[in-house]
Participant: 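Mind having a look at this structure? Questions to follow.
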Amino acid sequence: MQVLTFALRRFGRLLLTVLLISTIIFFVIRVIPGDPALVIAGIDATQEDIQAIRAQLGTDRPLIIQYLSWLSDIVRFDFGTSMISGQPVTELILERFPITLSLAVMGIVISILIAIPLGVLSAVKRWSLWDYLGMVFSQMGMAIPSFWLGIMALLIFAVKIKIFPLFGSGSIRHLILPALSLGIARAAVLLRLTRASMVEELSKEYVITARAKGLTERMVKFKHALKNALLPVITVAGIQLGYMLGGAIIIEQVFSLPGLGRLFLFGVYQRDFPLIQGGVIFIAIIFSLINFVVDLFYSVVNPKIRIR
Amino acid sequence: MEHLLEIEGLEVSFNDTAHALRGIDMFMDTGEIHGLVGESGSGKTVTSTCIIGLLPVPPGKVNGGSMLFKGREILGLSEAQRRRLRGREIAVVFQEPARYLNPALRVGEQITEMLILHLGLEKQQAVGKALELIDLVGLKGGKKILRRYPHELSGGMKQRAMIAMAISCNPSLLIADEPTTALDVTLQLQILRLIQSLKRRFSMGILFISHDLAVVNEIADRISVIYAGRIVESTTKARLFDEPLHPYTKLLLLSIPDAGKRGTRLKTIPGTVPDAEHIPSGCAFHPRCPLAEEICQHQDPETANYGKTGELHTAACHMIGKKWIDS
């Protein structure tokens, strides 16, 4: 019951967020320079051609009329068709989404698999070799751009040692290198956070109680402290997943993956208004959903947080 | 006779410069509630930390002394051996249950994990035992309480849960480190009565640590007064209240608020406890002592027994017997 009211309230908030963001985007892309009609018509087009295309796209109407008509479409879940390809925007997004989804999920899994064990180890054995290794890793992970990592990974594992395909998509093998490049960069931040959080929890009073109860060090650290330490880590991992679900533009570019990032990027290049708007709405929905799930999860792990 | 706990000449320092304990001598017997009284910074908590074996080393360091638990020296034991004593033989109730209970684990889990680890019970047996325990400490609600998280309990309930946890493995020695300080006055008395009834039921020795002589007066059988890392006076509660020997004890007694003397100004002891890095020469109390003479500045007094006919009443002061001038 509590969860249901929580979900309903969150849904209301989601609608408001989506409306606000898409409205802003609607006006911004129309105010900034760039006209889809010019893109479609090409360089040699006459003024009449351009006018005709504008009329066809509906971009010759007053802004407010365009906005209202767009709004009435949106409430009927009609996100329009791409100005360039003529395909429905929903179709375009859903076509690309599986690749982005698998890339994001693999990326976050890799990131968590690296960050949490190494972060906990660094915190538990502070100033040890592990801790220094962890620190070096996260410093490098934060300093090295993921596209460089991606290019290096391609050079080594696809060009020199041919164990992974150089480009393309369609199988899990195509996703391993991009997911690694994405995951390692994210892991750097997550590792620091895990370490800091674990160090803080280990200094709390309930840890003294756990020791005074005669529990083994393993129980004190991995049962008592870790459960509390994971809370902020979960939140940040959730946000990271949200970012990745919006498409990893640079990584998709490096590995020539037809994901959402590239779709939206081309949408912007070509001033494909419906595609940009649809993309923004999609990303906003994804983010709200992720936040919702993270909050639900949070309340399971941390009983003090009552969902409201 | 073998005591439950016998500490002799316990010396502890931090970073080799702060002398937190400077030769603690005390003993405790089964069935006794022993009050350890002193101001904050006097060494109460360091003493209890040493007894449970959780002194952080470094910076802490035991420089000397012995600690016999049931006749067995426990200062030199390995960490694994100490761990097996903790919770099973020597248990602790801490001051602020809200901070000393794990916020992310259910109360039941926090009790049963000890039973499973120390007594080797099966999960189901442990839950049964935990139900008995929470009933014993006066928590109504049975299984529902076990499923609660600490923040879902009131302050008094949390402390009762903490006590249930501490007595779960039937320890011989229970350390109660200011167990009522964080509670309302009305709750304080309830918790004190509970501790007393548990002592009788489980025949434990209880080391009751407090800064508040009035609270200790409610519960203790014997009292030791600690000042700057030394026990300055130790005897039965009755003797301590009737015939205090050490000037510090006398001043502490004078500073207890008395409901019968409303309107008079409460006596305080001028100055503060010296910090462990700067212990005064001679008797550590001499800068605050109204009776101090020259000898007090140079010579740390030995502890001697002033009890009559076999009674123990030890104190460490050069000026015992000197007339007390009430200012």
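Convention: sequence-line order gives letters A, B, ...; per-chain numbering from 1.
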Participant: Which atoms of Gln110(B) come close to chain A, meaning under 4.5 Å heavy atom to heavy atom: side chain ones, backbone ones, both, or neither?
Facilitator: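 Contact with chain A is through both the backbone and side chain of Gln110(B).
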Participant: Which atoms form the tightest heavy-atom contact between Met165(B) and Ser168(B), and what is the distance?
Facilitator: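 Looks like O-OG, 2.8 Å.
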Participant: Do NZ/NE/NH1/NH2 and the carboxylate oxygens of Lys223(A) and Glu109(B) come within less than 4.0 Å?
Facilitator: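 Salt bridge present between Lys223(A) and Glu109(B).
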Participant: With only heavy atoms counted, which part of Lys204(A) is less than 4.5 Å from chain B, the side chain, the backbone, both or neither?
Facilitator: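 Interface part for Lys204(A): neither.
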Participant: Salt-bridge test for Lys70(B) and Glu89(B): reply yes if a basic N is under 4.0 Å from a carboxylate O, no otherwise.
Facilitator: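 A salt bridge is present here (some side-chain N lies under 4.0 Å from a carboxylate O).
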Participant: When only pairs under 4.5 Å are counted, which of Ile90(B), Val92(B), Leu54(B), Val93(B) shares the most heavy-atom pairs with chain A?
Facilitator: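 Heavy-atom pair counts peak at Leu54(B).
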Participant: So, are Lys227(A) and Glu201(A) salt-bridged, with charged N and O less than 4.0 Å apart?
Facilitator: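 Not counted as a salt bridge, because no side-chain N and carboxylate O are separated by less than 4.0 Å.
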Participant: Salt bridge or not for Glu79(B) and Arg86(B), using N-O below 4.0 Å?
Facilitator: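 Between Arg86(B) and Glu79(B) there is a salt bridge, with a charged N closer than 4.0 Å to a carboxylate O.
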Participant: Given heavy-atom pairs under 4.5 angstrom as the criterion, report whether the side chain, backbone, both or neither of Leu85(B) touches chain A.
Facilitator: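 Looking at Leu85(B), nothing touches chain A.
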Participant: Looking at Arg82(B), Glu96(B), Arg83(B), which makes the most heavy-atom pairs under 4.5 Å with chain A?
Facilitator: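 The candidate making the most pairs under 4.5 Å is Arg83(B).
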Participant: Checking Arg195(A) against Trp130(A): charged group under 6.0 Å from the ring centre and within 45 degrees of the axis?
Facilitator: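 No.
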Participant: Below 4.5 Å from any heavy atom of chain A, which atoms of Tyr100(B) appear? Answer side chain, backbone, both or neither.
Facilitator: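 Both backbone and side chain of Tyr100(B) come within 4.5 Å of chain A.
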Participant: Can you say whether Arg99(B) sits under 4.5 Å from chain A via the side chain, the backbone, both, or neither, judging by heavy atoms?
Facilitator: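 Contact with chain A is through both the backbone and side chain of Arg99(B).
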Participant: Ignoring hydrogens and geometry beyond distance, is a side-chain donor-acceptor pair present between Ser78(B) and Gln81(B) at under 3.5 Å?
Facilitator: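 Yes, because at least one side-chain N or O of Ser78(B) sits under 3.5 Å from a partner of the opposite role on Gln81(B).
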Participant: Looking at Arg84(B), Glu113(B), Arg88(B), which has the largest count of heavy-atom pairs under 4.5 Å with chain A?
Facilitator: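 When all of Arg84(B), Glu113(B), Arg88(B) are compared, Glu113(B) has the most.
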Participant: Which bit of Leu101(B) is near chain A, if near means a heavy-atom gap under 4.5 Å: side chain, backbone, both or neither?
Facilitator: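 Leu101(B) touches chain A through backbone heavy atoms alone.
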